[in-house]
**Student:** 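Before anything else, here's the structure in question.
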Amino acid sequence: MFGSVREDLQATLDEIRAAGLHKPERVIGTPQSATVAVTSGGRPGEVLNFCANNYLGLADHPDVVAAAHEALDRWGYGMASVRFICGTQEVHKELEARLSAFLGQEDTILYSSCFDANGGVFETLLGAEDAVISDALNHASIIDGIRLSKARRFRYANRDLADLEQQLKEATEGGARRKLVVTDGVFSMDGYVAPLAEICDLADRYDAMVMVDDSHAVGFVGPGGRGTPELHGVMDRVDIITGTLGKALGGASGGYVAARAEIVALLRQRSRPYLFSNTLAPVIAAASLKVLDLLESAGDLREHLAANTALFRSRMTEEGFDVLPGDHAIAPVMIGDAAVAGRMAELLLERGVYVIGFSYPVVPQGKARIRVQLSAAHSTEDVNRAVDAFVAARAELERESAQA
């Protein structure tokens, strides 16, 4: 049977490559950091890393690594169980309490990933008599989580408040029992920030709850690094915050839902990814607690990240590149053609800068880009070297195009 299936799958893979949409996986032989060693899938040797979510540079921080070593000795390697059976340790409860306090929420529940967290919310909270109103550019995990729910689905154009209000009106007029507006805090492919104050205003007007996936914000956005609700002054108005421990908060894995106490209590009883997945490894929980300790005095890291971001964005604009506007550490360099974006990423790697070309289905057709992600671990020299490499790679692309 697999013979014919193999041929079909191979034909699909060939089409992906021919369209310039193939996504190679490069292998690195070092810890995640501002500089990594590529061992396969590109130029071997040390390269500047501008494609990780390591916003604060904590993925290889010595204090975080030390906390992980200590946790292995104290708590062991893994739980081999789910939470409600025998998979809950003191370290898990401590992390949930610390995240609740940090994010200004009543309670928090840990998941193995933020993808699972988003996958476990909607089905638990919403039924066929309810409505979910989702931003068109929300993360795939939100989209998939909504699909698991029987709630009526409404979608509004990205950050379009007039469209959001229209969808809220339709949901209300349709008799929805519960209404939940859900948005990314920061949209990962664009670096755009959701207008949370205005979203909360509309939610109040139409008696809706608000949910924010703040994976690309917690740790470094807002005066205290508490994310987009803090940035917009609505920490007490957002009902549900989902996020990850796998980006700014140490970069390992794991996710969470921080929310009203009753919401978290119901998730513990009914959320399928929580009930049927192994507990977050204790070493990650302990290391995440150390990250939260470091965030209390991480103002200098956030300031350095902001300076790196401003420098990269301003220099790239001066050099004539099309960088989507904003001040987030996600700085998308728009290319358009998928094959060209992939080729530019290859040329940049040859020049010692590791970035990735993003194309369909991760971004819309014709909107291919290189998503540059700045880190507090980068030096000013690193940022300038990256811009110079972009200029050189563009010149090489132009030469190749002229010769074709």
**Student:** For the aromatic rings, using the six-membered ring if either is Trp, is the centroid distance between His216 and Tyr192 under 6.0 Å?
**Tutor:** no
**Student:** Short question: side chain of Arg226, backbone of Phe102 - any donor-acceptor pair under 3.5 Å?
**Tutor:** yes
**Student:** Between Glu96 and Arg268, is the salt bridge (charged side-chain N to carboxylate O under 4.0 Å, His left out) condition met? List the steps.
**Tutor:** CA-CA 13 Å; Glu96 288 172 338; Arg268 292 193 192 280; 3.2 Å; yes
**Student:** Kindly check if the number of other-residue, nucleotide or ligand heavy atoms within 6.0 Å of CD (Glu106) is above 12?
**Tutor:** yes
**Student:** Between the side chains of Arg83 and Thr279, does any donor sit under 3.5 Å from an acceptor?
**Tutor:** no
**Student:** For a quick test of reading the model, state the closest non-hydrogen atom pair linking Ser81 to Gly87 and the distance between them.
**Tutor:** OG-N, 3.9 Å
**Student:** Before accepting this row, confirm whether a basic side-chain N of the pair Lys150/Asp130 lies closer than 4.0 Å to the acidic partner's carboxylate O.
**Tutor:** no
**Student:** Could you tell me whether the side chain of Arg313 and the main chain of Gly326 form a donor-acceptor pair under 3.5 Å?
**Tutor:** yes
**Student:** Less than 4.5 Å apart, any side-chain heavy atom of Val323 and any of Met334?
**Tutor:** no
**Student:** Between the side chains of Asp60 and Gln32, is a donor N or O closer than 3.5 angstrom to an acceptor N or O?
**Tutor:** no
**Student:** If I compare all heavy atoms of Ala248 with all of Gly219, which pair ends up nearest, and what's the gap?
**Tutor:** CB-CA, 4.4 Å
**Student:** Can a donor-acceptor pair be found between the side chains of Thr244 and Tyr256 at a distance below 3.5 Å?
**Tutor:** no
**Student:** Is the backbone N or O of Asp201 less than 3.5 Å from a side-chain atom of Asp204, with the two atoms forming a donor-acceptor pair by type?
**Tutor:** no
**Student:** Whether Arg205 and Glu165 form a salt bridge (side-chain N of Lys/Arg under 4.0 Å from carboxylate O of Asp/Glu) is what I want to check.
**Tutor:** yes
**Student:** Please find the pair of heavy atoms, one from Lys179 and one from Tyr206, that lie closest to each other, and give the distance.
**Tutor:** CE-O, 2.7 Å
**Student:** Checking side-chain polar atoms at under 3.5 Å, does Ser141 have a donor or acceptor matched by the opposite partner on Asp144?
**Tutor:** no
**Student:** Using a 3.5 Å distance criterion without hydrogens, assess whether the side chain of Asp388 forms a donor-acceptor pair with backbone atoms of Arg385.
**Tutor:** no
**Student:** Look at atom CZ of Arg315 and say whether more than 12 heavy atoms of other residues, nucleotides or ligands are closer to it than 6.0 Å.
**Tutor:** yes
**Student:** Evaluate the criterion side-chain contact (heavy atoms from CB on, under 4.5 Å) for residue pair Leu99 and Leu110; output intermediate values, then yes/no.
**Tutor:** CA-CA 10 Å; Leu99 284 169; Leu110 296 174; 3.9 Å; yes
**Student:** Taking the side chain from Asp337 and the backbone from Val340, do they hold a donor-acceptor pair closer than 3.5 Å?
**Tutor:** yes
**Student:** Using a 3.5 Å distance criterion without hydrogens, assess whether the side chain of Ser379 forms a donor-acceptor pair with backbone atoms of Asp382.
**Tutor:** yes
**Student:** Would His304 and Phe220 count as a ring-ring contact (aromatic ring centres under 6.0 Å, His included) here? Give the steps.
**Tutor:** CA-CA 11 Å; His304 186 57; Phe220 63 100; over 10 Å; no
**Student:** Looking at side-chain heavy atoms only, is the closest gap between Val132 and Val182 below 4.5 Å?
**Tutor:** yes
**Student:** Hey, could you give me the CZ/CZ distance between Phe187 and Arg159, rounded to the nearest 0.5 Å?
**Tutor:** 7.0 Å
**Student:** Going by the rule ring pair (Phe, Tyr, Trp, His ring centres under 6.0 Å), which residues pair with Tyr354 if we only count those two or more places apart in sequence or in a different chain?
**Tutor:** none
**Student:** Any salt bridge linking Glu173 with Lys169? Criterion: basic side-chain nitrogen under 4.0 Å from a carboxylate oxygen.
**Tutor:** no
**Student:** Give, for atom CG of Asp135 and atom CG of Leu164, the distance between the pair rounded to the nearest 0.5 Å.
**Tutor:** 8.5 Å
**Student:** How about Leu95 and Val91: do any of their side-chain heavy atoms sit closer than 4.5 Å?
**Tutor:** no
**Student:** Between the main-chain N or O of Leu56 and the side-chain N or O of Ser375, is there a donor-acceptor pair closer than 3.5 Å?
**Tutor:** no
**Student:** Is a side-chain donor or acceptor of Asp213 paired with a backbone partner of Asp184 at a separation under 3.5 angstrom?
**Tutor:** no
**Student:** If we ignore angles and hydrogens, is there a donor and acceptor under 3.5 Å between the side chains of Tyr156 and Gln166?
**Tutor:** no
**Student:** Please tabulate, one pair per line, all N/O donor-acceptor pairs under 3.5 Å involving side-chain atoms of residues 287-298, not counting sequence neighbours.
**Tutor:**
{"from": "Ser288", "atom 1": "OG", "to": "Ile284", "atom 2": "O", "distance (Å)": "2.7"}
{"from": "Asp293", "atom 1": "OD1", "to": "Arg98", "atom 2": "NH1", "distance (Å)": "3.3"}
{"from": "Asp293", "atom 1": "OD1", "to": "Arg98", "atom 2": "NH2", "distance (Å)": "2.9"}

**Student:** Spell out, as yes or no, whether a donor-acceptor pair under 3.5 Å connects the side chain of Thr88 to the backbone of Phe84.
**Tutor:** no
**Student:** What is the minimum heavy-atom distance between Glu123 and Arg272, and which atoms define it?
**Tutor:** OE1-CD, 3.4 Å
**Student:** Heavy-atom count check: over 12 atoms from other residues, nucleotides or ligands less than 6.0 Å from Glu90 CD?
**Tutor:** no
**Student:** Keeping the roles fixed (side chain from Gln89, backbone from Trp75), state whether a donor-acceptor pair exists under 3.5 Å.
**Tutor:** yes
**Student:** Rounded to the nearest 0.5 Å, what separation is found between the CG atom of Asn54 and the NZ atom of Lys247?
**Tutor:** 11.5 Å
**Student:** Are there more than 12 heavy atoms of other residues, nucleotides or ligands under 6.0 Å from atom CD of Gln10?
**Tutor:** yes
**Student:** In Å, rounded to the nearest 0.5 Å, how long is the span from NE2 of His92 to CE of Met79?
**Tutor:** 6.0 Å
**Student:** Just to verify, which of Asp107, Asp239, Asp236 counts as forming a salt bridge (charged side-chain N to carboxylate O under 4.0 Å, His left out) with Arg260?
**Tutor:** Asp239
**Student:** Does any donor atom in the side chain of Ser112 or Ser277 lie under 3.5 Å from an acceptor atom in the other side chain?
**Tutor:** no
**Student:** Under 6.0 Å between the ring centres of Phe321 and Phe390?
**Tutor:** yes
**Student:** For a 4.5 angstrom cut-off between non-hydrogen side-chain atoms, does Val234 reach Ile199?
**Tutor:** no
**Student:** For Phe2, is the CZ atom crowded, meaning more than 12 foreign heavy atoms sit under 6.0 Å from it?
**Tutor:** yes
**Student:** Where do Leu168 and Ala208 come nearest, in terms of heavy atoms and distance?
**Tutor:** CD2-CB, 4.0 Å
**Student:** State, with a plain yes or no, whether a side-chain heavy atom of Ile370 is found less than 4.5 Å away from one of Met344.
**Tutor:** yes
**Student:** Measuring from atom CD1 of Ile330 to atom CG of Leu374, what distance do you get when rounded to the nearest 0.5 angstrom?
**Tutor:** 10.5 Å
**Student:** For a quick test of reading the model, state the closest non-hydrogen atom pair linking Ser359 to Ala338 and the distance between them.
**Tutor:** CB-CB, 3.6 Å
**Student:** Answer with yes or no after comparing the ring centroid distance for His378 and Phe312 against a 6.0 Å cut-off, counting only values under it.
**Tutor:** no
**Student:** For the side chain to side chain contact (heavy atoms under 4.5 Å, CB included) test, which of Val353, Ile356, Leu348 pairs with Phe50?
**Tutor:** Val353
**Student:** Go through Arg343 and Glu346 one step at a time and tell me if the salt bridge (charged side-chain N to carboxylate O under 4.0 Å, His left out) criterion holds.
**Tutor:** CA-CA 5 Å; Arg343 178 58 180 154; Glu346 292 175 357; 3.1 Å; yes
**Student:** When rounded to the nearest 0.5 angstrom, what is the spacing between CG in Asp116 and OH in Tyr274?
**Tutor:** 13.0 Å
